[in-house]
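Reminder, nothing fancy here: chain letters follow the sequence lines and each chain counts from 1. All values below were derived from every heavy atom in this structure, side-chain atoms included, with hydrogens, water molecules and symmetry-related copies excluded.
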Amino acid sequence: MAEQLSKVYEPATIEKQSMSIWTKGKYFHPEADGNHDNSYAIVIPPPNVTAALHLGHALNNTLQDIIIRYQRMLGKNTIWMPGTDHAGIATQTVVEKRILAEENRRRIDFERDEFVGRVQAWKDEYEARILGQLKAMGCSCDWERTRFTMDEVCAKAVRANFFKLFKDGLIYRGKRLVNWDPATQTVLADDEVEHQEINGHFWYLKYPLVEKVGDIEHVTVATTRPETMLGDTAVAMNPRDSRAEALVGKQVRLPIVGRLIPIIADEHVVLPDPESDDEKAKFSTGFLKVTPAHDPDDWAIGQRHELPVINVMAPDGSISDQYGWEDADEDAEFLLGMDRYEAREAIVDWFRGENLLAEVREYVHEVGHSYRSHVPIEPYLSDQWYIAVKKPISSLVACRSSLAGGFIENTDVPENSLAGLALKPLLDGRLKFIPERYAKTYQSWLENLRDWPISRQLWWGHRIPIWGQIEEGEIQLSKEIIQLKESGRIAVNLFREQTYICINKAGDNEAIATVEKNGFTQDQDVLDTWFSSALWPFSTMGWPGETDELKTFYPGNMLCTAREIITLWVSRMVMMGQYCVGDIPFSDVYIHAMIQDGQGRKMSKSLGNGIDPLIAIDSHGADAMRFTLSSMTTETQDVRMPVSEMELPDGRKVNTSPKFDTGRNFCNKLWNASRFAMMNLEGTDASEFDKDKLRLEDKWILSRLARTIEHTNECLDGYKFSEPINNLYKFFWNDLCDWYLEWAKPRMNDAVQKSIAQNVLAFVLDQTLRLLHPFIPFITEGIFGKLNEIVPNRGLAGIVELERSEALIIAKWPGEINECKDDEAQVNIEHIQTAIRTIRDMRSKYNIAPSEKMAASAAVGQEIAGVLNDNSSLVCELAGLESFEAGAGIEKPENAAAAIVEQMQIYLHNAIDPKAELERLNKQKEQVIKGKKAVEAKLANENFVNKAKPEVVEQSRQKLNELNQQLEAIEKHIAELQG
RNA sequence: GGGCGAUUAGCUCAGUUGGCUAGAGCGCCUGCUUUACACGCAGGAAGUCACAGGUUCGAGUCCUGUAUCGCCCACCA
């Protein structure tokens, strides 16, 4: 006899066992066989190596694993490519923070290589933790192909792509205002700027006109940052302003500095209106000081009017004439070296002293602060590398007939630009978002796309492979440089009269040496993290090499991610996939919900409301976590998960969620029911199966299984997750356990019945395990292994043959079994269940002990009566009866309790409790009357009868008929009780 | 400012193309050592479907508006 399942379900044990089966079988690792038609590929959204995974990652990866396991069981050659992202600024920042806290050293206290080494060490630590977490969750990734966005394979792709872009003229050098943190002297990404409300001021500064215009001697500008006035290069006013005609084109003399600056007309300026609800209009004077070097809006105005750009600050935020301010004379000297806030006061004092301060007003406004140093950020001008996203790519026009070189309809996006390459597949339906609404995010972002700044002033990342000339002025390229260029090892471009060289291949030390010898030096910056992420679907597969992986698995099938990176990541992968490989990297983009805590707040470290997946695995088990996560995954954009503290057996107090209880309870039920089933399956002989001997309950459970298989397939094909798992839950628990298994118990002691019940049970259990496997892989694999030992041969001869499989993970996915669909059996079982429930209810109401065997009968139409009589044992077994009889002419016996349900009147013999009975019947009467009134009202409405679909009207008539009969029966019983 | 989502039982959520006396899990109440499971079994109570209009024979479901909560993007002299 085979050993049975252990008595107690222990997730940790089963997780270990199943994992070892999968590892030994190498089931996660597909061969790159060159056959793309039978492949199914997903690339993981590579988690940042900044920190361990949180519950959102657990959800994200559970969903991917469900799909990949489903596809694997369908027989596809599946790959799930794992890996991590170096996450430039985020990782560098956490490491800097840690080093500062632990060693009191700052980044600039290190040599670049040493510092990068420290970040690398952090990366190694967290990468290991992240991969460990993914494995613990059961993710069936191809670990042998694990990649990292900065490893050699990915770096090669980065360099190849960069060189291609550079050669195609899509990379250029441009000026840009960045978020500068003067305290740490680094650039911050937009999302690293925290907005804080500040009680500030509006200062109204009077700038004198060079020549009076009528009575007007001054124009007054309003500013919250007076210190930037040193860099003003214009005063702007709205052309619709009544004073514009007289003033535009005149000059003002900038106080302190003495610079003559023009008054220009620009629509951007808000017209003054003290009565307006618009804050800006209230405070506006109609005159706007324009400081292109220190304000993003002013920068834009400056661009439109070709204004000079004068930077008056040093990188530390102090006033300085060393960074682009050339006309600082002795009048301004007192400000040099002052901190920006000191300078602000000094300038305001100066204006006050000169009688040029018109007014000061209180003003509450939002100011961007560095999330790291918490000082206000400074918009700061710097040189950056950009990718031109709307520039037509000439090399593409020639080779793609579909790209005519025109614009995409209703946009200014050329079809053969990078933006166009990403937008086109969505518009022609090759790229699909699920849920569909997210396509809009993608589309509108691309339609309004601006050039992509790709350089970052960091040390952690892919160093930009561009060498720029050291000396100012035009230079002559040497012979050896020209040779390198002609051989394709370097590309050379000119930006603003400066020469820049891009070196094609990493490790081409000879080229580097030559270039550097000729007076070029490598750019200090690194690439935006998203540059390498954009290549992820093919860099991981060895592009630009023509690898078997690319041949087999590219283009891939689906991408599963969170909505906040649709723009930053998804669109750029499509863009670069098209540009580099010539095809979109995936056809389906599934966007899942964001997990919030019980109060609808984002889970975050600072709030302490996050849940570590490993903790959830400790507290409830990996399968339980996956069950709950998938059962929550509907198409809404947020889901809530109440968080509560719990003490683990080892004494740790941790955050977990009571919602995981559902998953754990289900796994426990699955374990115990399977254990019980298998205790009765010893000696099952498939050859004894005879489909003609199936009883009603067999036909019913097989029909329910057939429907469940069909439903599960439909759902998974449509990326629905909560629906199939919740339906499987109901099927297993409510149909199989609550009914079929209970009915099977006595059959297991019956020589004739045993074999048929065993075969059906073994088959249904087998199929259910397969259907559940993608969702809860560990426990199902474990039970399946045991089932293989106890019932090696399963299948229903003449209905379904089952191939044996050494492991569930590669077992064949259940195909549809249409011949098992049996509506009649389902309806008949429902009648039987109704009868049983009704009797149970009466027993409960009258406090009849479960052990007490009763007699019951039912008055019901001939057809149903036949079904009930043919299967009276089913009723007796689960309703605690010794006898049951149904028939059209059955009368209520003396002393019987009566219940009316649907078209049945059920009598529980010798159970009368007149008081309780009356109470119950009166209550039911109320309900029936209420229902009857509603239906009568409906049918009394001529419009309903005439306009509604005939079958709906007919349904209502039948309903009314049934209610009338019920009411009649109830009243009769009440009368008898009272009589 | 632009876009999107949510609002249904005490809590967390389902509710397909309009056809309901509106469902599930948890929690709550009443029983139960019934040949696996108390992480269980049987039964039960519990809802003005956010609000106001509209379309329709019929609205939780469709349309318009309002409110509240939340997310994304852009911006703030």
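Judged purely by atom type and a 3.5 angstrom limit, A:R843 uses its side chain to pair as donor or acceptor with the backbone of A:A879.
Straight-line distance between the C1' atoms of B:G47 and B:U12: roughly 16 Å, to the nearest whole Å. Atom name P, nucleotides B:G70 and B:G53: the rounded distance is 28 Å, in whole Å. The separation of B:C13 from B:C32, taken at their C1' atoms, amounts to 30 Å, rounded to a whole angstrom. Across B:C41 and B:U34, the matching P atoms stand 15 Å from one another, rounded to whole Å. Annotation: B:A67 and B:C51 have their P atoms spaced 16 Å apart (nearest Å). Here the separation of B:A9 from B:G60, taken at their P atoms, is 15 Å to the nearest Å. Remark: the separation of the P atoms in B:C39 and B:U48 is 33 Å, to the nearest Å. Annotation: B:A50 and B:G10 have their P atoms spaced 13 Å apart (nearest Å).
Using a 4.0 Å heavy-atom distance criterion, A:K669 is classed as a base contact. Residue contacts shown for A:W203 are absent, as no nucleic acid heavy atom lies under 4.0 Å away. Residue contacts for A:Q924: at a heavy-atom cut-off of 4.0 Å it reaches no nucleic acid atom on any strand shown. Contact annotation for A:L963: base contact, defined as any heavy-atom pair under 4.0 Å involving a base atom. At the heavy-atom level, A:K730 lies nowhere under 4.0 Å from the strands shown. Within the 4.0 angstrom heavy-atom criterion, no nucleotide atom of any strand lies near A:H711. Counting any heavy atom pair closer than 4.0 Å across all strands shown, A:A948 reaches a base atom. In this structure, A:R920 reaches neither bases nor backbone, as no heavy-atom distance under 4.0 Å exists between it and the strands shown. Residue contacts shown for A:R563 are limited to sugar-phosphate atoms, with no base heavy atom under 4.0 Å away. Among the protein residues, A:V639 comes within range of the sugar-phosphate backbone only, with heavy atoms under 4.0 Å from sugar or phosphate atoms but none that close to a base.
The base-pairing partner of B:G5, taking Watson-Crick or G-U wobble contacts with both distances under 3.5 Å, is B:C69. In this structure, B:C32 and B:G40 make a Watson-Crick or G-U wobble pair, each of the two defining distances being under 3.5 angstrom. Figure legend. B:G25 is base-paired to B:C11; pairs are counted as Watson-Crick or G-U wobble with both atom distances under 3.5 Å. Base pairing of B:U17: no nucleotide in any strand meets the Watson-Crick or G-U wobble criterion (both distances under 3.5 Å). The nucleotide B:A46 finds no pairing partner, because no Watson-Crick or G-U wobble arrangement with both distances shorter than 3.5 Å includes it.
Residue A:K959 places its side chain closer to B:U21 than to any other of B:U21, B:C76, B:G5. Proximity note for A:R450 (side chain, C-beta onward) versus B:A77, B:C39, B:C75: the nearest is B:C75. The side chain of A:S284 lies closest to B:A77 when the candidates are B:A6, B:A77, B:U34. The side chain of A:Q596 approaches B:G70 more closely than any other nucleotide in the set B:G70, B:A42, B:C4. With B:C13, B:G25, B:A45 as the candidates, the nucleotide lying closest to the side chain of A:T634 is B:C13. Side-chain atoms of A:W733 lie closest to B:C41 of the nucleotides B:C37, B:C41, B:G19. Closest to the A:C737 side chain, of the nucleotides B:A77, B:G43, B:A36, is B:A36. Nearest to the side-chain atoms of A:R837 among the listed nucleotides B:A6, B:G43, B:G19 stands B:G43. For A:S844, whose side chain is taken as the heavy atoms from C-beta onward, the closest listed nucleotide among B:G19, B:U12, B:G43 is B:G43. With B:C37, B:A14, B:C41 as the choices, the nucleotide that has an atom nearest any side-chain atom of A:D738 turns out to be B:C41.
Tested against A:F666, the residues A:F660, A:Y729, A:W671 include a single ring pair (Phe, Tyr, Trp, His ring centres under 6.0 Å) partner, A:Y729.
Between A:K754 and A:N749, the side chains place no donor N or O within less than 3.5 Å of an acceptor N or O (distance only, hydrogens not considered). In this structure, a donor-acceptor pair under 3.5 Å is absent between the side chains of A:H294 and A:E227. A donor atom on one side chain and an acceptor atom on the other are found under 3.5 Å apart for A:K289 and A:T291. For the residue pair A:Q443 and A:E447, a side-chain donor N or O sits within less than 3.5 Å of a side-chain acceptor on the partner.
With hydrogens and angles left out, the side chain of A:E742 and the base of B:A42 share no donor-acceptor pair within 3.5 Å. Interface remark: the A:N749 side chain does form a donor-acceptor pair with the B:U35 base, using a distance-only criterion of under 3.5 Å. In this model, no side-chain donor or acceptor of A:E564 finds a partner on the base of B:C72 within 3.5 Å.
Protein atom CG of A:N941 is 18 Å distant from nucleotide atom P of B:G19, rounded to whole Å. One atom, CD1 of A:I591, and another, C1' of B:G3, lie 15 Å apart when rounded to the nearest Å. In this structure, CG of A:D297 is placed 17 Å from P of B:G1, rounded to the nearest angstrom. Between the CZ atom of A:F732 and the P atom of B:A36 there is a distance of 15 Å, rounded to whole Å. A straight line from NZ of A:K930 to P of B:C20 spans 15 Å, rounded to a whole angstrom. To the nearest angstrom, P of B:G31 lies 14 Å from NZ of A:K845. B:C73 atom C1' lies 17 Å from atom OH of A:Y442, rounded to whole Å. Atom CZ of A:R675 and atom P of B:C39 are 14 Å apart (whole Å).
The residue among A:D661 and A:S631 whose nearest nucleotide of RNA chain B lies closer to the 5′ end is A:S631. Each of A:K7 and A:T285 was matched to the nucleotide of RNA chain B holding its nearest heavy atom; the match closer to the 5' end belongs to A:K7.
Shown here for A:Q4 and A:I790, the closest heavy-atom pair between the two residues is OE1-CD1, 3.3 Å. What you find for A:P642 and A:P658 is that their closest heavy atoms are O-CD, 3.6 Å. Nearest heavy-atom pair across A:R675 and A:S6 is CD-O, 3.3 Å.
For the OP1/OP2 pair of B:C4 and a distance below 4.0 Å, the side-chain nitrogens and oxygens of A:K440 include at least one atom meeting the criterion. For the OP1/OP2 pair of B:G27 and a distance below 4.0 Å, the side-chain nitrogens and oxygens of A:K659 include no atom meeting the criterion.
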